[in-house]
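Note sheet for the following structure.
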Amino acid sequence: MNREIQELMELDKKHFLHPTSPVQQQQQDGPGFIFTKGEGVFLEDIQGRRVIDGMSSLWNVNIGHGREEMGEVAKEQMSTLAFSSCFATYSNEPAIRLAAKLAEVAPGHLSATFFTSGGSESNDTAYKLARHYWILKGQPDKKKIVTRTKSYHGVAMGATSATGLKPFRDFTNSLAPDFHYVDHFSPDALREFIETEGAESIAAFVAEPVQGAGGVHIAPETYFKEVRAICDQYDILFITDEVITGFGRTGTYFGIEHYGVVPDMMCFAKGVTSGYAQLGGVMISDQVHQAFKDHSTGTLLHGYTYSGHATACRVALKNLEIIEREQLIDNAKEMGEELLAGFKELQSKSNLIGEVRALGLMGAVEIVKDQQTNERFSTPLAPLVVTEAAKRGLVLRSVVFDGQDTLVFAPPLTINKEEIEQMMTILSETLSTIAATKNIKA
């Protein structure tokens with residue numbers, strides 16, 4: 001290892017507190033990769049190691065790495081107007097154009113956007129807007145937010161409190177009040193909660209169309225239609241968290257489109273810029289927007305410095321242009337079928353693979369000790385698979401919350417069949433290596 005790399009590793013350990021990372025591992029081993037280049041579905045680090053980005057980094061690099069035109073459009077915008085505040089009704093053309101474009105592509109009657117810098121801010125914003133909506137409507141007691149078990153909504157205070165994965169809530173010792181959780185696949189559990197607590201106290205129900213960080217859990221076919229009907233019956237806002245599932249990830253523009261319903265609010269981030277700039281937002285329906293227009297007086301006292309950031313919005317417009325021009329949503333659907341077929345083929349050859357699932361380019365493979373009984377290993381193997389796969393050239397992610405032992409996948413929407421086959425080959429070799437090391441039947 002040369003001196004420059006060693007210096008960077010030591011500086012990383014001394015000065016960089018990493019997000020969602022094991023601190024002790026970083027202090028012992030330094031950064032796992034120091035990436036320097038990205039191209040398509042591949043990443044390359046400072047030591048020249050080349051890996052398939054099987055997670056689109058954080059579910060977000062939808063158009064793939066290394067798109068020069070994204071840098072060009074950012075430079076062009078920065079050369080004229082990099083940023084200006086959107087407070088006090090001030091505006092800029094990229095933000096206006098992007099809001100209009102989102103209204104064009106969003107499902108149903110979602111027509112206005114509040115911009116943020118990312119997914120956690122989007123979720124926090126949705127909860128505040130939902131509660132403010134009911135204040136404007138003369139029902140200030142409607143403030144409870146209901147989410148689902150196995151859900152993930154971010155790490156800001158409201159988003160942490162809304163997250164159904166308990167370890168994320170346990171990170172802090174004081175959560176925001178009025179957040180509640182119901183079973184992630186049971187409309188009846190939602191109805192029972194509403195009837196117990198009283199609809200007059202509930203502002204909104206929040207759900208990811210596909211639960212991402214919780215383990216890629218795909219809802220039953222009728223689930224969201226039943227949920228939409230329940231929310232309508234009890235006069236509760238329905239909010240979808242499309243931070244991961246938006247902008248083609250599941251083979252439709254937005255994940256909720258698979259279920260034939262339209263939410264009252266929709267959170268987004270990640271794929272709106274494919275990670276080339278920080279941007280998120282909340283879309284609201286005509287009905288919600290009309291309530292704000294009719295009843296809001298004075299100043300709407302919610303806003304981030306970078307709400308409507310001109311450069312980020314311009315980058316997002318170019319990103320959406322690329323997604324549509326290259327028909328990446330169709331490719332996500334087609335390659336998602338290839339991904340699922342690859343999982344099933346591995347399942348037929350390996351005793352370690354239990355349930356497999358995918359919706360578009362969002363998939364999961366469960367690790368089991370016994371395929372017949374679905375018995376799990378006492379210590380999850382998925383983290384070992386992730387470590388070994390990275391050595392072999394494939395970046396994955398493991399989920400071990402709530403007794404799970406799961407590998408999750410979300411490659412860029414540009415991936416092709418040959419690259420998927422390469423992923424499956426690496427995964428197969430990785431499983432065989434771990435089985436041999438652990439002296440278990442592969």
Side-chain angles (χ1 to χ4, degrees), residues 98-116 119 122-123 125-134 136-137 142 145-148 151 153 162 182 184-185 187 190-191 194 199 202-212 218-272 280-294 320 323-324 329 332-333 359-360 362:
L98 179 58
K101 176 64 179 177
L102 291 169
E104 175 189 316
V105 301
H109 47 255
L110 295 164
S111 61
T113 298
F114 183 102
F115 287 112
T116 72
S122 296
N123 275 278
T125 294
Y127 314 148
K128 289 181 71 175
L129 290 180
R131 287 166 170 164
H132 191 65
Y133 169 84
W134 291 116
L136 292 177
K137 297 278 283 185
K142 288 176 75 69
I145 305 294
V146 185
T147 68
R148 302 192 290 165
S151 65
H153 298 290
V182 296
H184 68 141
F185 280 167
L190 174 61
R191 183 184 296 277
I194 294 168
I202 300 171
F205 173 68
V206 185
E208 303 154 275
V210 178
Q211 293 183 312
I218 303 167
E221 185 176 352
T222 62
Y223 175 80
F224 283 110
K225 285 189 177 179
E226 293 180 61
V227 161
R228 174 75 270 185
I230 291 169
C231 290
D232 289 342
Q233 178 184 348
Y234 291 99
D235 203 16
I236 292 168
L237 294 175
F238 175 36
I239 302 172
T240 52
D241 179 348
E242 296 262 7
V243 170
I244 288 174
T245 52
F247 306 100
R249 171 58 56 196
T250 67
T252 53
Y253 227 118
F254 296 96
I256 200 64
E257 294 177 75
H258 289 283
Y259 299 95
V261 299
V262 179
D264 300 298
M265 295 185 183
M266 182 172 74
C267 305
F268 67 86
K270 294 189 184 291
V272 70
V282 180
M283 295 199 71
I284 60 175
S285 68
D286 289 337
Q287 174 187 330
V288 174
H289 195 202
Q290 192 63 48
F292 279 89
K293 290 188 284 187
D294 289 345
L320 300 186
I323 287 173
E324 294 179 356
I329 299 174
K333 183 177 184 296
L359 187 62
M362 195 172 175

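Taking the side chain to side chain contact (heavy atoms under 4.5 Å, CB included) definition, one finds that Ile329 meets it with Tyr253, Ile323, sequence neighbours left out. With sequence neighbours excluded, the residues that form a side chain to side chain contact (heavy atoms under 4.5 Å, CB included) with Gln290 are Lys293, Asp294. Among residues two or more places apart in sequence or in another chain, the side chain to side chain donor-acceptor pair (under 3.5 Å) test is passed with Thr240 by none. The side chain to side chain contact (heavy atoms under 4.5 Å, CB included) search around Ala269 returns Val243, not counting sequence neighbours. Residues that satisfy the side chain to side chain donor-acceptor pair (under 3.5 Å) test with Gln211, not counting sequence neighbours, are His184. Remark: His258 engages Thr250, Thr252 in a side chain to side chain donor-acceptor pair (under 3.5 Å) (not counting sequence neighbours). Remark: Lys142 pairs with Trp134, Gln139, Ile236 by the side chain to side chain contact (heavy atoms under 4.5 Å, CB included) rule, at least two apart or across chains. In this view, Phe114 and His302 satisfy the ring-ring contact (aromatic ring centres under 6.0 Å, His included) rule, not counting sequence neighbours.
The shortest non-hydrogen separation linking Arg148 to Ala207 is NE-CB, 3.6 Å. In plain terms, the two heavy atoms of Gly281 and Ser122 that are nearest each other are N-OG, 2.9 Å. Across all non-hydrogen atoms, the minimal contact from Ala203 to Ile145 is CB-CD1, 4.1 Å. Looking at every heavy atom in both residues, Pro220 comes nearest to Phe185 through CD-CD2, 3.6 Å. Nearest heavy-atom pair, Ala162 versus His153, reported as atom, atom and distance to 0.1 Å: O-CD2, 3.5 Å.
To the nearest 0.5 Å, atom CG of residue Leu129 and atom OH of residue Tyr133 are 12.0 Å apart. Ile202 contributes atom CD1, which lies 5.0 Å from atom CD1 of Ile194 (distance to the nearest 0.5 angstrom). The distance from the CG atom of Leu102 to the CG atom of Leu320 is 6.5 Å, given to the nearest 0.5 Å. Arg191 contributes atom CZ, which lies 4.5 Å from atom CD of Gln233 (distance to the nearest 0.5 angstrom). In this structure, Ile230 CD1 and Lys225 NZ are separated by 14.5 Å, a value rounded to the nearest 0.5 Å.
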Subject >> Verdict with supporting geometry, Thr245 and Glu208, side chain to side chain contact (heavy atoms under 4.5 Å, CB included) >> reply: CA-CA 8 Å; Thr245 52; Glu208 303 154 275; 5.7 Å; no

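Each ring-ring contact (aromatic ring centres under 6.0 Å, His included) pair with one or both residues in residues 221-240, not counting sequence neighbours, appears once here: Phe224-Tyr259. Applying the salt bridge (Lys or Arg N to Asp or Glu O under 4.0 Å) definition to pairs two or more places apart or across chains, none involves residues 125-134. Within the structure, every pair that satisfies the salt bridge (Lys or Arg N to Asp or Glu O under 4.0 Å) test and touches residues 246-268, not counting sequence neighbours, is listed here: Arg228-Asp264.
Side-chain contact check for Pro263 versus Ile239: every heavy-atom pair is 4.5 Å or farther apart. Phe205 has its side chain within reach of Val182: a pair of non-hydrogen atoms, C-beta onward, lies under 4.5 Å apart. Contact annotation: the side chain of Val210 never approaches that of Ile244 to less than 4.5 Å [non-hydrogen atoms, C-beta and beyond].
Other residues, nucleotides and ligands place no more than 12 heavy atoms under 6.0 Å from the CD atom of Gln287.
Using modelled atom types, one side-chain atom of Glu242 and one backbone atom of Gly255 make a donor-acceptor pair closer than 3.5 Å. Looking only at distances, no side-chain donor or acceptor of Thr147 sits under 3.5 Å from a matching main-chain atom of Val206.
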Can you give the donor-acceptor pairs under 3.5 Å from side chains of residues 104-113 to other protein atoms, not counting sequence neighbours?
residue, atom, partner, partner atom, Å
Glu104, OE2, Lys101, NZ, 3.2
Ser111, OG, Asp286, OD1, 2.4

